[in-house]
**Student:** 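Questions regarding the structure given below will be posed in turn.
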Amino acid sequence: LAISGNKIVVSTDPYLYILNSDSGSTISKTSITSIFKPILTKNNIFLITKDNLLVCLDFNSGKPIYSLNIGEEIANYLNNKKKFINVKYFSILNGNLFVFLSNSYFVEFSVAGKIINVGKLPKKIESLPIFAENTIIYTNKKNQLIISN
């Protein structure tokens, strides 16, 4: 469930609904399931499917703008073979999408769906990250607080 203005976005299995919060009417119903809470911007809805697709939908109509296989995009960016990935979290920060993987890597995408950077955190991420003044704060498997710039 995500709310922006007079719209409510509800992700169920197997549909994503965009509802008018004033009338309760359905604006859009799309056959897609998000494994995380959708991220809303003024114009877009971003979500990640169980097949590791990064999907961008038009916020007003619910129609797809793009759908990218995250594993393939990483392989193309790094110029190597596609590997299995496990998405742990995703977030929007400074206008870009950050996809955090369970192996401590992260992928930074522009909202247009292009990879900007692939990086590695100093420790595996175990908690929902917190962002503050160009710093990422999270806990690792040993429940230790990690502060990374």
Side-chain angles (χ1 to χ4, degrees), residues 1-13 16-22 27-28 30 32-80 82-149:
L1 175 72
I3 301 172
S4 180
N6 68 337
K7 293 182 183 160
I8 301 171
V9 178
V10 179
S11 178
T12 66
D13 192 1
L16 180 87
Y17 295 92
I18 302 175
L19 308 170
N20 181 303
S21 64
D22 297 328
I27 298 169
S28 170
T30 307
I32 191 166
T33 302
S34 179
I35 59 173
F36 299 104
K37 177 181 173 181
I39 293 177
L40 309 180
T41 65
K42 182 178 178 182
N43 299 314
N44 301 312
I45 301 170
F46 298 98
L47 51 98
I48 296 179
T49 70
K50 60 185 171 193
D51 299 324
N52 290 325
L53 299 178
L54 172 62
V55 179
C56 176
L57 304 171
D58 180 88
F59 186 60
N60 294 311
S61 69
K63 295 187 189 279
I65 297 172
Y66 63 79
S67 176
L68 306 170
N69 183 300
I70 298 169
E72 288 178 10
E73 294 297 316
I74 294 169
N76 292 339
Y77 181 81
L78 298 175
N79 199 26
N80 61 19
K82 180 182 170 188
K83 296 178 182 174
F84 172 79
I85 64 162
N86 184 18
V87 177
K88 192 86 168 172
Y89 302 103
F90 90 119
S91 184
I92 195 159
L93 178 64
N94 296 330
N96 293 324
L97 293 165
F98 282 76
V99 177
F100 296 91
L101 307 177
S102 61
N103 63 357
S104 78
Y105 280 86
F106 67 87
V107 186
E108 180 181 4
F109 286 92
S110 70
V111 292
K114 302 291 180 204
I115 291 182
I116 296 169
N117 184 31
V118 175
K120 187 170 184 175
L121 296 169
K123 302 281 183 179
K124 286 187 179 182
I125 192 167
E126 198 59 34
S127 67
L128 186 64
I130 299 171
F131 305 98
E133 298 183 21
N134 296 322
T135 301
I136 301 173
I137 304 167
Y138 60 96
T139 58
N140 65 9
K141 283 188 173 190
K142 296 179 181 176
N143 212 24
Q144 296 169 320
L145 186 65
I146 308 297
I147 301 172
S148 177
N149 296 14

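Counting begins at 1 with the first residue of the sequence. Keep in mind that the numbers below use all heavy atoms, side chains included, and drop hydrogens, waters and symmetry copies.
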**Student:** Determine yes or no for a side-chain-to-main-chain donor-acceptor pair under 3.5 angstrom, with Asp51 supplying the side chain and Leu53 the backbone.
**Tutor:** no
**Student:** Can you see which heavy atom on Leu40 is nearest to which on Ala2, and at what distance?
**Tutor:**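 Nearest pair, atom of Leu40 first, then Ala2: CD1-CB, 3.5 Å.
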**Student:** When you compare the side chain of Asn117 with that of Val107, does any pair of heavy atoms fall below 4.5 Å?
**Tutor:**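 Val107 vs Asn117: side chains apart.
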**Student:** Taking it one step at a time, do Phe106 and Leu121 satisfy side chain to side chain contact (heavy atoms under 4.5 Å, CB included)?
**Tutor:** CA-CA 7 Å; Phe106 67 87; Leu121 296 169; 4.1 Å; yes
**Student:** Are side-chain heavy atoms of Leu57 and Lys63 found at a separation under 4.5 Å?
**Tutor:**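 They are not in side-chain contact.
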**Student:** Show the numbers, then the answer: is there a side chain to side chain contact (heavy atoms under 4.5 Å, CB included) between Ile92 and Asn96?
**Tutor:** CA-CA 5 Å; Ile92 195 159; Asn96 293 324; 6.0 Å; no
**Student:** Which pair of heavy atoms, one from Pro122 and one from Ile146, lies closest together, and at what distance?
**Tutor:**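 Where Pro122 meets Ile146 most closely, the heavy atoms are CG-CG2, 4.2 Å.
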**Student:** Hey, does Leu16 have a side-chain heavy atom less than 4.5 Å from the side chain of Leu47?
**Tutor:**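 Yes, at least one pair of side-chain atoms sits under 4.5 Å.
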**Student:** Could you walk me through whether Ile74 and Leu101 satisfy the side chain to side chain contact (heavy atoms under 4.5 Å, CB included) test, starting with their C-alpha distance in whole Å, then the side-chain angles of each, then the deciding distance to 0.1 Å, before giving a yes or no?
**Tutor:** CA-CA 11 Å; Ile74 294 169; Leu101 307 177; 4.0 Å; yes
**Student:** What distance separates Ile3 CD1 from Ile8 CD1, expressed to the nearest 0.5 Å?
**Tutor:**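 Going from the CD1 atom of Ile3 to the CD1 atom of Ile8 covers 5.0 Å.
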**Student:** Distance-only, no hydrogens or angles: does the Asn103 side chain make a donor-acceptor pair with backbone N or O of Ile85 under 3.5 Å?
**Tutor:**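 Checking the backbone N and O of Ile85 against the side chain of Asn103, no donor-acceptor pair under 3.5 Å is found.
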**Student:** Drop me the distance from Lys88's NZ to Ile125's CD1, to the nearest 0.5 angstrom.
**Tutor:**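 The CD1 atom of Ile125 is 8.5 Å from NZ of Lys88, to the nearest 0.5 Å.
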**Student:** For Asn44, does its backbone N or O pair with a side-chain atom of Thr41 as donor and acceptor, under 3.5 Å?
**Tutor:**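 Yes; judged by distance alone, with no hydrogens or angles, the pair exists.
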**Student:** Is there a donor-acceptor contact under 3.5 Å from the side chain of Ser21 to the main chain of Asn6?
**Tutor:**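 Between the backbone of Asn6 and the side chain of Ser21 there is a qualifying donor-acceptor contact (under 3.5 Å).
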**Student:** What's the spacing between Glu73 CD and Leu54 CG if we round to 0.5 Å?
**Tutor:**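 Interatomic distance, Glu73 CD to Leu54 CG, rounded to 0.5 Å: 8.5 Å.
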**Student:** Supply the atom-to-atom distance Ile32 CD1 to Asp13 CG, rounded to the nearest 0.5 angstrom.
**Tutor:**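 Between atom CD1 of Ile32 and atom CG of Asp13 there are 11.5 Å.
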**Student:** Shortest non-hydrogen contact from Tyr66 to Ser110?
**Tutor:** OH-O, 4.1 Å
**Student:** With a 4.5 Å limit on heavy-atom distance, are the side chains of Phe100 and Val87 in contact?
**Tutor:**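 Side chain of Phe100 against side chain of Val87, heavy atoms only: no contact under 4.5 Å found.
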**Student:** Of the non-hydrogen atoms in Pro38 and Val9, which two are nearest, and what is the gap between them?
**Tutor:** CG-CG1, 4.1 Å
**Student:** Return the CG to NZ distance between Asn60 and Lys42, rounded to the nearest 0.5 Å.
**Tutor:** 10.0 Å
**Student:** Say whether, by atom type as modelled, one donor and one acceptor occur between the side chain of Ser28 and the main chain of Ser61 under 3.5 angstrom.
**Tutor:** yes
**Student:** For the CD1 atom of Ile39 and the OG atom of Ser91, what is their distance to the nearest 0.5 Å?
**Tutor:** 5.5 Å
**Student:** Give the minimum heavy-atom separation between Gly62 and Thr30, together with the two atoms involved.
**Tutor:** O-OG1, 3.4 Å
**Student:** Does Tyr77 use its side chain to pair, donor to acceptor, with the backbone of Ile116 at less than 3.5 Å?
**Tutor:** yes
**Student:** With sequence neighbours excluded, what pairs up with Lys82 under the salt bridge (charged side-chain N to carboxylate O under 4.0 Å, His left out) test?
**Tutor:**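 Glu72.
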**Student:** Got Lys7 and Phe59 here, is their nearest side-chain heavy-atom distance under 4.5 Å?
**Tutor:** yes
**Student:** What's the verdict on side chain to side chain contact (heavy atoms under 4.5 Å, CB included) for Ile48 and Val99, showing C-alpha distance, side-chain angles and the deciding distance?
**Tutor:** CA-CA 9 Å; Ile48 296 179; Val99 177; 4.2 Å; yes
**Student:** Over all heavy atoms of both residues, which pair between Phe36 and Phe90 is shortest? Give the atoms and the distance, please.
**Tutor:**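 Here Phe36 and Phe90 meet closest at CB-CE2, 3.6 Å.
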**Student:** Contact between Ile35 and Thr49 at the side-chain level, heavy atoms closer than 4.5 Å - yes or no?
**Tutor:** no
**Student:** Donor-acceptor check, side chain of Ser11 to backbone of Thr33, threshold 3.5 angstrom: yes or no?
**Tutor:**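 No; judged by distance alone, with no hydrogens or angles, the pair does not exist.
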